[in-house]
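The next block holds one structure in the form of structure tokens; read it before the comments.
From a predicted model like this one, the values you see are computed outputs, not experimental measurements.
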Amino acid sequence: MHLQQKSNQEEHWPKTCKHGKLQSPVALNKRFACHSDIPSLKFENFKKYKKCCIKNTGYTWNLTLPEHCHCDRPKISGAKLVGRYTLENLHVHWPAEHVIGEIRYDLEMHMVFYADRYRSFKESLIHPLGVAVLSIPFSETLSTRSKNFKTISEAVKLVFEKPGRSTIIRNEEIDFYQFLPYDHRMFYHYFGSFTTPPCTEYVHWIVMNNAGNIAQLDLKDLKNVYDNHGELVESNNRDIQPLNERIVTFKRV
């Protein structure tokens, strides 16, 4: 997807995407944020999972846990969240969507969660603040100790040409805790939206201040995804949106 094509496609996005006042992503900077001693972010069940599913969405790839998994799924709570939120899926954007301290990182992962007070992700979508997105930036390096992205990249190679196609990672585990940056105590919080249509607003955004690492070769393979027109998705990040006087909170250590 060439940059000009991406821009043209966004012109046809729904009205909320164009005229909403709580759109994402935004530029984040500690100098202009409200420093606060809000509760720490709590992570539950960020552990190893088998038989995760990788799907080419035609825009990126996403990862979900086994459909009939009776396991305890990853959850987050704390910060400004009311109650606990359960993982629905994770996906990535390249380059990163949020700009953090004037830096646009090489990759941004979005872990999408829905509030436990609703029966499903679909139900949570019709309620304000029913969804929370944990955003983690990644910086390209020569190598990393985590095998997560290497494992995912091997799965992406099986689906990269066919939007809608999915595959199961059968022989390797995905360690969710290893997705988190080494120091994940500091983060930004603001109220925003999905960064793709329908650009639903009133979403909790929690954006990590520190970046994780992704190996150069893994990043190259993970970006090798083709869209519905048979073209390589060269970039899939949305432009920075106006903050519109929203308050951004920075969780300090």
Between Ser146 and Gln178, a side-chain donor and acceptor under 3.5 Å = yes
query = Are Val207 and Leu22 linked, directly or through other ILVMFWY residues, by side chains that come within less than 4.5 angstrom of each other?
reply = no
message = Between Leu129 and Val203, is there a side-chain heavy-atom distance shorter than 4.5 Å?
response = no
query = Should Lys251 and Ser36 be marked as a side chain to side chain donor-acceptor pair (under 3.5 Å) after you check the CA-CA gap, both sets of side-chain angles, and the distance that decides it?
reply = CA-CA 6 Å; Lys251 168 61 178 176; Ser36 173; over 6 Å; no
key: Considering all heavy atoms, the nearest Ser77-Leu41 contact   = O-CD1, 3.4 Å
request  = Run the salt-bridge test on Lys47 and Asp175 with the 4.0 Å N-O cut-off and return the result as yes or no.
outcome  = no
request  = Would you check, one step at a time, whether the test side-chain contact (heavy atoms from CB on, under 4.5 Å) holds for Thr16 with Thr200?
outcome  = CA-CA 7 Å; Thr16 300; Thr200 305; over 6 Å; no
request  = Give the minimum heavy-atom separation between Lys75 and Phe46, together with the two atoms involved.
outcome  = O-CE1, 3.5 Å
Side-chain heavy-atom pair Ile100, Pro137 within 4.5 angstrom cut-off = yes
inquiry  = Can you give me the closest heavy-atom contact between Cys52 and Leu65, atom names plus distance?
reply    = SG-CD2, 3.8 Å
request  = Can you run down the salt bridge (Lys or Arg N to Asp or Glu O under 4.0 Å) pairs that involve residues 191-216, sequence neighbours left out, and say none if there aren't any?
outcome  = none
ask   = Donor-acceptor pair, Arg117 side chain versus Val82 backbone, under 3.5 Å?
value = yes
request  = State which residues pass side chain to side chain donor-acceptor pair (under 3.5 Å) with Lys55; sequence neighbours excluded, sorted by chain then number.
outcome  = none
request  = Give the ring-plane orientation class for Tyr118 versus His127, where under 30° counts as parallel, over 60° as perpendicular and anything between as tilted.
outcome  = parallel
task = Could you state whether Tyr114 and Ile76 fall into the same hydrophobic cluster, counting links through intermediate Ile, Leu, Val, Met, Phe, Trp or Tyr residues with side-chain heavy atoms under 4.5 angstrom apart?
result = no
key: All pairs passing disulfide (SG to SG under 2.5 Å) where residues 133-239 contributes a residue, at least two apart   = Cys17-Cys199
task = For Lys18, look at atom NZ and say whether over 12 heavy atoms of other residues, nucleotides or ligands are found less than 6.0 Å away.
result = yes
key: Side-chain (His184) to main-chain (Pro181) donor-acceptor, under 3.5 angstrom   = yes
key: Pairs involving residues 215-253, ordered by first then second residue, that meet disulfide (SG to SG under 2.5 Å) (sequence neighbours left out)   = none
query = Which atoms form the tightest heavy-atom contact between Pro163 and Gly58, and what is the distance?
reply = CB-CA, 3.8 Å
ask   = With a 4.5 Å limit on heavy-atom distance, are the side chains of Val112 and Leu90 in contact?
value = no
query = Can Leu134 be reached from Tyr177 by stepping across I, L, V, M, F, W or Y side chains whose heavy atoms are under 4.5 Å apart?
reply = yes
message = So for atom CZ, which belongs to Arg185, do other residues, nucleotides or ligands contribute more than 12 heavy atoms lying within a distance under 6.0 Å?
response = no
inquiry  = Can a donor-acceptor pair be found, under 3.5 Å and without considering hydrogens, that links the side chain of Asn56 to the backbone of Arg165?
reply    = no
message = In the structure I gave you, are the side-chain heavy atoms of Ile54 and Leu158 within less than 4.5 Å of one another anywhere?
response = no
message = With a 4.5 Å cut-off on side-chain heavy atoms, are Ile247 and Phe191 touching?
response = no
request  = Check whether the side chains of Asp116 and Thr86 place a donor and an acceptor atom closer than 3.5 Å, and report yes or no.
outcome  = yes
query = What is the minimum heavy-atom distance between Ala215 and Thr144, and which atoms define it?
reply = N-CG2, 3.7 Å
inquiry  = Would Asp72 and Glu44 count as a side-chain contact (heavy atoms from CB on, under 4.5 Å) here? Give the steps.
reply    = CA-CA 9 Å; Asp72 295 323; Glu44 298 178 57; over 6 Å; no
message = Grouping I, L, V, M, F, W and Y whenever their side-chain heavy atoms are under 4.5 Å apart, do Ile38 and Leu81 come out in a common cluster?
response = yes
task = Take Val233 and Tyr226 through the side-chain contact (heavy atoms from CB on, under 4.5 Å) test and state the conclusion after the steps.
result = CA-CA 6 Å; Val233 180; Tyr226 283 74; 5.9 Å; no
message = Tell me whether Gln241 contacts the main-chain N or O of Asp239 through its side chain, where contact means a donor paired with an acceptor under 3.5 Å.
response = yes
query = Short question: side chain of Thr60, backbone of Val92 - any donor-acceptor pair under 3.5 Å?
reply = yes
Disulfide bond (SG atoms under 2.5 Å apart) involving Cys34 - partner list, sequence neighbours excluded = none
query = Do side-chain atoms of Ser235 reach the backbone of Asn237 as a donor and acceptor pair under 3.5 angstrom?
reply = no
request  = Please lay out, stage by stage, how Asn45 and Arg73 fare under the test side-chain contact (heavy atoms from CB on, under 4.5 Å).
outcome  = CA-CA 6 Å; Asn45 307 323; Arg73 296 173 181 267; 5.8 Å; no
Distance in Å, Lys157 NZ paired with Asn224 CG, rounded so as to fall on 0.5 Å steps = 9.0 Å
message = Less than 4.5 Å apart, side chain to side chain, heavy atoms only: is that true for Leu63 and Ile152?
response = yes
ask   = Do any pairs count as a salt bridge (Lys or Arg N to Asp or Glu O under 4.0 Å) and have a residue in residues 93-109, sequence neighbours left out, and if so which ones?
value = Arg31-Glu102
request  = Supply the atom-to-atom distance Asn29 CG to Asn209 CG, rounded to the nearest 0.5 angstrom.
outcome  = 9.5 Å
task = Hey, could you give me the CD/NZ distance between Glu154 and Lys147, rounded to the nearest 0.5 Å?
result = 11.0 Å
query = Taking side chain as C-beta onward, heavy atoms only, is Val99 less than 4.5 Å from Leu28?
reply = no
message = Could you measure the distance from the OG1 atom of Thr249 to the OH atom of Tyr188? Nearest 0.5 Å is fine.
response = 11.5 Å
inquiry  = Taking Tyr85 as the starting point, is it possible to reach Phe43 by hopping between hydrophobic residues whose side chains are less than 4.5 Å apart?
reply    = yes
inquiry  = Donor-acceptor check, side chain of Arg246 to backbone of Gln23, threshold 3.5 angstrom: yes or no?
reply    = yes
message = Is the distance between the ring centroids of Phe176 and Tyr49 under 6.0 Å?
response = yes
query = Which is it for Trp205 and Ser135 under the side chain to side chain donor-acceptor pair (under 3.5 Å) test, yes or no, and what are the steps along the way?
reply = CA-CA 7 Å; Trp205 274 94; Ser135 170; over 6 Å; no
task = Mind checking the CG-CE spacing from Asp183 to Met186? Nearest 0.5 Å is all I need.
result = 5.0 Å
ask   = Taking Ser193 for the side chain and Ser24 for the main chain, is one N or O donor matched with an acceptor at less than 3.5 Å?
value = yes
ask   = What's the spacing between Asn210 CG and Ile136 CD1 if we round to 0.5 Å?
value = 11.5 Å
key: Mutual orientation of the aromatic rings belonging to His189 and His204 [parallel < 30°, tilted 30-60°, perpendicular > 60°]   = tilted
task = For the residue pair Phe138 and Phe149, categorise the inter-ring angle as parallel (less than 30°), tilted (30 to 60°) or perpendicular (more than 60°).
result = perpendicular
Check: Val248 and Phe32 side chains under 4.5 Å, non-hydrogen atoms = no
ask   = According to the interplanar angle, ranging from 0 to 90°, do the rings of His93 and Tyr59 count as parallel (below 30°), tilted (30 to 60°) or perpendicular (above 60°)?
value = perpendicular
ask   = Backbone N or O of Lys21 within a donor-acceptor pair of the Asn244 side chain at under 3.5 Å?
value = yes
